[in-house]
Amino acid sequence: MSKKLLIAGNWKLNGEKKDISFIKNLVKFNSIKLSKNVDILICPPFTMIDRFCQLTQRSQIQIGAQDCSEHDFGAYTGEVSANMLSDLNASYCIVGHSERRLYHNENNNLLNKKILNVQKNNIKAILCIGESLLDRRNSKTLRVLGNQLNGALKNNINPNLLEIAYEPIWAIGTGLVPDYSDIEEVHDYISNKLEKLYGKKSKKIRILYGGSVNSKNVFQILSIKNVGGALIGGASLKIRDMKSILKQFI
Ligand code: PGA
């Protein structure tokens, strides 16, 4: 596939001032090893987005958020809007991570509103979808993913500002990875589904894989047909791991 890969780090609830050295280090690494084949994205907590955006300004590295509000502004204590993210120059926002769906009861209708809001602010949405272990055991994986896509991608979502991340819930943070043939089956399914929804424009949408990606398995996973990148949690927190992942594609 000729699409550029997207390698994205999801820092979750990790990251303090001392971790600014990570991004400085990554910028230095990237300026030595400029990559034509990979887009590099780091999604730190909200508190670090501004600083990270400033530090990466003259680099190829992009900065994104892990979530945002479905609202633009107003009396919503604790929320951060897509407009605020755009004000800081964030270029991506993860939407519907399974931890948000699980711990914050986020459903497909809400995620649809969030995607629309993100895109309205010219930010790319990375919609996460994934099945539970029970779904997989009951052979419901494709049905569950299909419902998640149908529910979140209604109301004129812009395919030019969209990426999908397939993250089996049971693979996140567990060290378990599906059989590569299963990843291929799911990515084929998502790719066909996107083609039905968006025709030729679907070809621009990258379908990332996420769930226990590390420097040892990333190359093989990203060689699977229709896998357009990786969403990486744990292994994206250590600069050494990130560099050894990126080196394989530069
Ligand atoms: P993991 O997390 O790489 O630590 O499994 C991935 C994610 O939750 O996006």
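What you are looking at is a predicted structure, and each value in this text was computed from that prediction instead of being measured. Whatever order the structure lists them in is the order used to number ligands and atoms, beginning at 1. Position 1 is the first residue of the sequence, and the numbers go up from there.
E167 OE2, 3.2 Å is the protein heavy atom nearest to atom 7 (C) of ligand 1. Among protein heavy atoms, the minimum distance from atom 3 (O) of ligand 1 is reached at G233 N, 2.8 Å.
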Audit row: K200, E195, salt bridge (Lys or Arg N to Asp or Glu O under 4.0 Å) steps and yes/no: CA-CA 7 Å; K200 273 194 194 142; E195 190 168 359; over 6 Å; no
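The distance from ligand 1 to the heavy atoms of N10 drops below 4.0 Å at these ligand atoms: 9 (O). Residue H97 has at least one heavy-atom neighbour below 4.0 Å for each of these atoms of ligand 1: 7 (C), 8 (O), 9 (O).
The closest approach between any non-hydrogen atom of G173 and ligand 1 is below 4.0 Å.
With distances taken over non-hydrogen atoms, the option nearest atom 4 (O) of ligand 1 out of A230, G234, G211 is G234.
Not a single N or O atom of E99, backbone or side chain, sits closer than 3.5 Å to an N or O atom of ligand 1.
Side chain to side chain, S132 and D135 meet the donor-acceptor criterion of an N or O pair below 3.5 Å.
With I129 as the fixed residue, the side chain to side chain contact (heavy atoms under 4.5 Å, CB included) test singles out one of I190, N147, I207, V186: I190.
Below 30°, between 30° and 60°, or above 60°: for F219 and F249 the angle between ring planes is below 30°, a parallel geometry.
A donor-acceptor contact shorter than 3.5 Å links the side chain of N10 to the backbone of K12.
In this structure, the side chains of L231 and E167 come closer than 4.5 Å at one or more pairs of heavy atoms.
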